[in-house]
S.K.: 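Here it is: the structure, laid out below.
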Amino acid sequence: MVDSAPLISLRRLFGALVIFSTLRFLFYGWYDCQILSPIITFPFEEFSFLYRPNHLGTSLLFGGMLLGGFSIMTGRFFKIGTALFFLCFTYVELLDKTNYLNHYYFVSIISFLFLFSRAHKENSSVSAIQIDLFKCMIGLVYFYAGLAKLNSDWLLEAQPLALWLPAHTSLPIIGGLFKFKATAYAFSWAGAFFDISAPFFLLSDKFRKWFYPVVVGFHVMTWLLFPIGVFPWVMICCATIFFSAEEHRRFWALFPGLKLPEITQTGEKIILFKLFAICFMLIQMLFPFRYLMYSGNLFWHEAGYRFSWRVMLIEKPSWATFFIKDSTGKEEEVNLSNWLTVAQEKMVSSQPDMIVQFAGILRDKYKSIQDRDIKVRAEVWTSLNGRRSQLLIDPFRDLSKIENTWAERDYVLPIDSVISPTEFARIKKQLIQQSDW
Amino acid sequence: MSNKNRLLILNNAGRVFRPVFILPILAVIFHGCGSGSSDNSSSFDRSSLLSNYCDNIIIPGYEDFYNKSIQLHESVVLYSEGTSTLQDCREQLYNSYLSWQRVMPFAFGPAYNNLLNVSVNTYPTDASQIEQDILNGIWNPPTSDFDHFGLPAIDYLLNFKDQHDSDELVRLQQLTSHLVDLSSEVYNNWNDAYGADFKSSTGTELGSSISQLLNSFNQVYEQNVRKQKLGLPVGISGAIDIGNSLPDKVEAFYANTYSIDLLYEALLSFQDLYNGDYYLNEQKIEGLGLDDYLISLGEEEYGSELDDDIQNQVEVSLAAISTLSSPLSEYVVSNRDEAISVYIELQALVVLWKVDMMGSLGVLVTYADNDGD
C-alpha cells in the first residue's frame with residue numbers, strides 16, 4: 001500500500017478540466033452544431049444502435065457530464081458520478097465520427113479507469129498498481145504518439161509541419177523561424193523524440209524535475225500553433241501523476257483549503273484489480289497495431305487509424321463529388337450542403353469509411369423518402385501531406401453496396417496510382433462505359 | 001481489365017510512403033543534404049502578393065466595374081430621354097457584363113458586406129417578378145430574393161423587348177442606378193480602409209487576407225464559373241432530375257449571343273488572377289501571383305510542377321471554350337456531348353486549385369467549428 005496523493009491530485013485536476021471542457025463546449029454552442037442541427041450523423045458502426053438525442057436528451061447528457069465532473073473533482077458520490085460522466089461523455093463521443101478527437105478518447109479512458117480506482121478516499125492508502133495503471137496509460141499515449149511519428153512523411157519530408165508552420169510567421173519572437181523548412185524538420189524530429197522519450201524521463205526520479213517544464217513548454221507550444229482545444233492542458237495535468245506523493249502533498253499545501261489529509265486508513269485490496277489492469281493495458285498496447293492487418297498507406301486508407309494516438313499527422317485537403325443513379329439510368333450529382341454540415345463535408349471528403357457510410361445513408365434516405373432504389377458513386381480527389389491530388393477511391397464502384405467492416409478497404413485506390421484530373425477527365429467516359437455503373 | 005487496374009497503370013510516380021522505425025541516421029543525412037539547397041525556405045513575400053492583388057487587380061477592377069455601371073446607367077437615362085438608342089444601352093450592358101467577370105472572384109469583405117455578388121448576377125432571372133415590379137413601381141433594394149435585380153434583370157428588360165413604356169424605363173433606371181450605388185460603395189470601401197487592412201494581414205491563418213482570397217477564388221470558380229456558366233446549362237450538376245440540357249440557365253439568356261464570351265472572359269480573369277497579371281494601358285504586366293507562390297515551394301511535385309499543370313489546364317480549358325459555338329443556349333441542346341467535354345476540362349481545374357494548390361500552400365480556409373487534433 002502506498003500514499004494515494006498522486007491519484008487524488010489526478011482526480012481533482014481531471015475533474016476540474018472536464019468541467020471546464022464541458023462548459024467550453026456549451027459556450028461555443030457546439031451541442032447545437034454538432035448534435036442537434038446536423039441532418040444526418042455518422043455514428044461508429046459498432047454503436048449505431050445509440051439513439052440520437054433530442055434537445056432534452058442533449059441537455060440531460062451535458063447535465064450528466066457536469067454533475068459527474070463535479071463528483072470527480074470533489075470525490076463525493078465518486079463511483080456513481082464517475083460512471084455518469086463516463087457514460088454521458090462517451091455517448092456523445094460515439095454519436096458522430098466527424099467529431100472524433102484523440103483527446104476525447106483519452107478522457108473516456110481516464111474516466112473509465114477512475115471507475116475501478118479508490119481515488120475518492122483521500123485519507124486512505126492505495127495499492128501501488130492503482131497509480132501505476134494511470135502512469136502506464138498516460139505514458140503509453142506519449143510513447144505511441146511518438147511511434148506514430150516515425151514515418152517517412154514526418155521524418156524525411158517534415159510533413160505536415162512544413163505545410164502548417166509557415167502559417168505562423170506572424171507569431172512574436174519565434175515567428176520568423178517558421179518560414180524556414182529547417183524549422184519544420186527541427187520541430188518534427190524534436191516532437192518525435194519528445195513523445196517517445198517522455199514516459200521514460202517522467203518515470204526517472206533524476207530527470208523528472210527538469211523534464212516536466214519541457215512537457216509544459218511542449219504542450220503550450222502546440223496550443224499556440226494548432227487549434228487543438230483543451231488537449232494540451234489535459235496532458236499537462238495528467239503528466240503530474242509521475243511526481244512523488246510528497247511532491248503532491250507539498251503542492252496542495254500551498255492552498256490551505258485543498259491540503260491533502262494525512263493517511264489514517266489502510267486501503268483495501270480490490271479483488272482482481274491486477275488482472276484487470278494487465279488485461280486493459282494489453283488491449284491498449286495491441287489495439288493501435290491493428291493497422292498492420294491492412295496493406296497500403298495507413299494515412300491514405302485510414303483503416304485502423306482512429307483510437308491509436310495518431311495526432312497531427314495528416315493534412316488531407318479533399319474534394320468529393322457524389323453521384324447517384326436510379327433505374328431510369330440518369331446520373332445526378334448530390335448537393336452535399338443539402339445533407340452535410342461544413343465539418344461533416346470536410347471529414348466525409350477525406351475519410352474512406354465515411355464516404356461509404358454516406359453512400360449507405362443516401363441509399364436509405366432515397367428509399368424511404370422518394371421510394372427510389374439508387375446506386376451511389378463518388379469521385380474523390382485528395383492530396384495527402386503535400387502530394388499531388390489523386391483519386392482516393394474507385395470512382396465507378398457502387399458504394400451503396402459496400403458495408404463498413406474490419407476487412408481490407410478494397411475500394412480505396414493505392415496511393416501510388418496517380419492519375420491526373422485532366423487524364424481522368426479525358427478517359428472518364430470510356431471508363432464509365434466499361435464499368436458496371 | 002478492371003477499371004481499377006486501368007487507373008493503376010496510367011502512372012506510377014506517386015511519392016511512396018515508407019514506415020521508418022530504425023532509419024533516423026539515414027534521415028539526418030537526407031536532411032543535412034537538403035538544408036544546403038536554396039529552395040528550402042518558403043520565404044515567399046506574401047505582403048507583395050497582397051499589394052499586387054489589391055492595388056493592381058482588385059481596386060482597378062472595381063473602378064472599371066463602377067465606371068461601366070455609370071456608363072450603363074447614363075445610356076439608359078439618355079435612352080429614356082430619347083437622345084440615345086436601345087442599341088447603345090445593349091452595348092453598355094455587354095461591357096458591364098464583361099467587366100463584372102473581373103471582380104466576381106472577390107466575394108469577400110466589402111463585396112460580401114454589400115451583397116454585391118448576389119445582387120449583381122443572380123440568374124436565371126425571374127421575368128414575371130420583374131413585370132410585377134414594373135407594375136408596383138416602388139423601389140426596394142433586395143435583401144433575400146435577388147433573382148429580379150442586377151445584370152440579368154437589365155438583360156431581360158433591354159434584350160427581351162424592343163420598345164419600352166415609361167414604367168419600364170423607370171424600372172430600368174432603378175436597376176442601373178442600383179448597380180452604380182453598389183459598385184461605388186464596394187469600390188470606395190476598398191479604396192478607403194479595407195484595402196489597407198487587406199494588405200496588412202499577411203498571415204495564413206483562418207480569416208487572413210490570403211485565406212479569404214483563396215476561399216473566395218475556389219468557391220466562385222467552382223460555383224459561379226464551372227457550375228453556373230456551363231454545368232447547369234448542360235444539365236450536369238445541381239438539383240434533382242437532371243440529364244437533359246437546361247438552355248434557359250445560360251448567363252445573359254435574353255441577349256443570347258454572348259454567354260460564351262462571358263465564360264471565356266471569366267476564365268481569363270481567373271488565369272490573370274492566378275498569375276497575378278494585370279493591365280496598364282491595355283498592356284499586360286506580369287505581377288506577383290499564386291503561380292509565384294507555388295514556384296517558391298521549389299521544384300517539387302507541389303511546387304513548380306503543380307504550377308505547370310495548372311498553366312496547361314487553363315490553356316486547355318480556354319481552347320475548349322473556344323470550340324463552343326454561339327448561342328450557348330442552342331449549343332447545349334444540339335451538341336450536348338461536346339459541351340459536356342468542355343465542362344470536364346473546367347472541372348479538372350477545380351481539382352488542381354481546390355485540392356492540390358490548397359494542399360500545398362497550407363492556408364486554412366475551412367470554417368469548421370471544432371477543435372482539431
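Each chain gets a letter, A, B and so on, in the order its sequence line appears, and its residues count up from 1.
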S.K.: If you count heavy atoms of other groups shown closer than 6.0 angstrom to NZ of A/Lys365, is the number above 12?
M.R.: no
S.K.: Please classify the contact of A/Thr382 with chain B as side chain, backbone, both or neither, using a heavy-atom distance under 4.5 Å.
M.R.: backbone
S.K.: For chain A, which candidate among B/Leu352, B/Thr202, B/Val350 shows the most heavy-atom pairs at distances under 4.5 Å?
M.R.: B/Val350
S.K.: Determine yes or no for a side-chain-to-main-chain donor-acceptor pair under 3.5 angstrom, with A/Arg372 supplying the side chain and A/Asp326 the backbone.
M.R.: no
S.K.: Establish, yes or no, whether a centroid distance under 6.0 Å links the rings of A/Phe187 and A/Phe178.
M.R.: yes
S.K.: Using heavy-atom distances under 4.5 Å, tell me whether B/Asp309 contacts chain A through its side chain, its backbone, both, or neither.
M.R.: side chain
S.K.: Could you give me the CA-CA distance, side-chain angles and deciding distance for A/Arg387 and A/Asp153, then say whether salt bridge (charged side-chain N to carboxylate O under 4.0 Å, His left out) is met?
M.R.: CA-CA 10 Å; A/Arg387 290 175 183 80; A/Asp153 278 14; 2.9 Å; yes
